[in-house]
Amino acid sequence: MDRKLLRALQEDGRMTNQALAQRCGISPAACFDRVKRLRASGVIRGYTALLDPGQLDRAMLIFIEVLLDRTTTDIFQAFADHVRELPEVLECHMVAGGFDYLLKVRVADIAAYRSFLGDTLVAMPGIRETRTYPVLEEVKATSHLPV
């Protein structure tokens, strides 16, 4: 039943408890208790609105590989702390392989990216190299987890 509730909430996080209960075939009281438990346990981390980046001057999506000059705990921490403060960076993942971090960045256009790259990203201490991958087409973009 929890998975059924989670699937429904991923489709529409704004539906009322009554509508959710009806959709999942349980009583409103049982539905409320289950959702409350899922929130308390951290399975449901929050609710958000999904915005259209193109209508908010953030149409360009870019992935960036970042290679640091050293891989020490203090460099990793400094990089992570700095990246958390950059509104253009939607996601930042430390990865294993030929580079250290993969960034998902949204900007208005290539000029805005050039400014972000030159004025912000490569100006950070500890960065040895970056590789940029502009997205030509978003084939699939979802925040839904398979539950």
Residues, nucleotides or ligands: over 12 heavy atoms within 6.0 Å of L136 CG: no

Just how far is it from atom CG of D100 to atom CZ of R70, taken to the nearest 0.5 Å? 12.0 Å

Is there a path of hydrophobic side-chain contacts, each under 4.5 Å between heavy atoms of I, L, V, M, F, W or Y residues, that connects F116 with L61? no

Should the heavy atoms of other residues, nucleotides or ligands under 6.0 Å from CZ of R114 be counted, would the total exceed 12? no

Single-linkage hydrophobic cluster M15~M1, side-chain heavy atoms < 4.5 angstrom: yes

With rounding to the nearest 0.5 Å, note down the distance linking CD1 in I44 to CG in L38. 4.5 Å

Spacing of Q10 atom CD and D12 atom CG [to the nearest 0.5 Å]: 12.0 Å

Indicate whether the side chain of Y113 and that of E88 have a donor and an acceptor atom separated by less than 3.5 Å. no

Nearest 0.5 Å please: distance from the OG1 atom of T16 over to the CZ atom of R23. 11.5 Å

Would you say CZ of F32 has more than 12 non-hydrogen atoms from neighbouring residues, nucleotides or ligands within 6.0 angstrom? no

Quick one: closest heavy-atom pair of D109 and M60, and the distance? C-SD, 3.5 Å

Kindly say whether E65 contributes a backbone atom to a donor-acceptor pair with the side chain of R131 at under 3.5 angstrom? no

Got a second to check how far L67's CG is from R128's CZ, nearest 0.5 Å? 4.5 Å

For Q18 versus P28, what's the shortest heavy-atom pair and its separation? OE1-CG, 3.4 Å

Distance (rounded to the nearest 0.5 Å) between K36 NZ and D33 CG: 7.0 Å

Using the rule that two of Ile, Leu, Val, Met, Phe, Trp, Tyr join whenever any of their side-chain heavy atoms come within less than 4.5 Å, decide whether F63 and V95 are in one cluster. yes

Short side-chain to backbone donor-acceptor contact, D57 and A108, under 3.5 Å: no

For C92 versus V83, what's the shortest heavy-atom pair and its separation? CB-CG1, 3.6 Å

For A59, does its backbone N or O pair with a side-chain atom of R106 as donor and acceptor, under 3.5 Å? yes

Quick one: closest heavy-atom pair of L5 and C24, and the distance? CD2-SG, 3.7 Å

Please lay out, stage by stage, how L103 and L121 fare under the test side chain to side chain contact (heavy atoms under 4.5 Å, CB included). CA-CA 11 Å; L103 306 181; L121 192 59; 3.9 Å; yes

Hydrophobic cluster membership, with links at side-chain heavy-atom distances under 4.5 Å among I/L/V/M/F/W/Y: are L90 and I64 in one? no

Do Y133 and I62 sit in one hydrophobic cluster, given that two such residues count as connected whenever their side-chain heavy atoms are within less than 4.5 Å of each other, even indirectly? no

Do the non-hydrogen side-chain atoms of L86 and H82 ever get within less than 4.5 Å of each other? yes

What's the shortest heavy-atom distance between V89 and E91, and which atoms? CG1-O, 3.3 Å

Closest approach of Y47 and G13, non-hydrogen atoms and distance? CD2-O, 3.7 Å

Between T120 and L117, is there a donor-acceptor pair closer than 3.5 Å when you use the side chain of the first and the backbone of the second? no

Test side chain to side chain contact (heavy atoms under 4.5 Å, CB included) on V66 and F99; report intermediate values, then the result. CA-CA 6 Å; V66 176; F99 55 97; over 6 Å; no

Are I127 and L68 close enough that some pair of their side-chain heavy atoms sits under 4.5 Å apart? yes

Would you say that more than 12 heavy atoms from the other residues, nucleotides or ligands in this model lie under 6.0 Å from the CD of E129, or not? yes

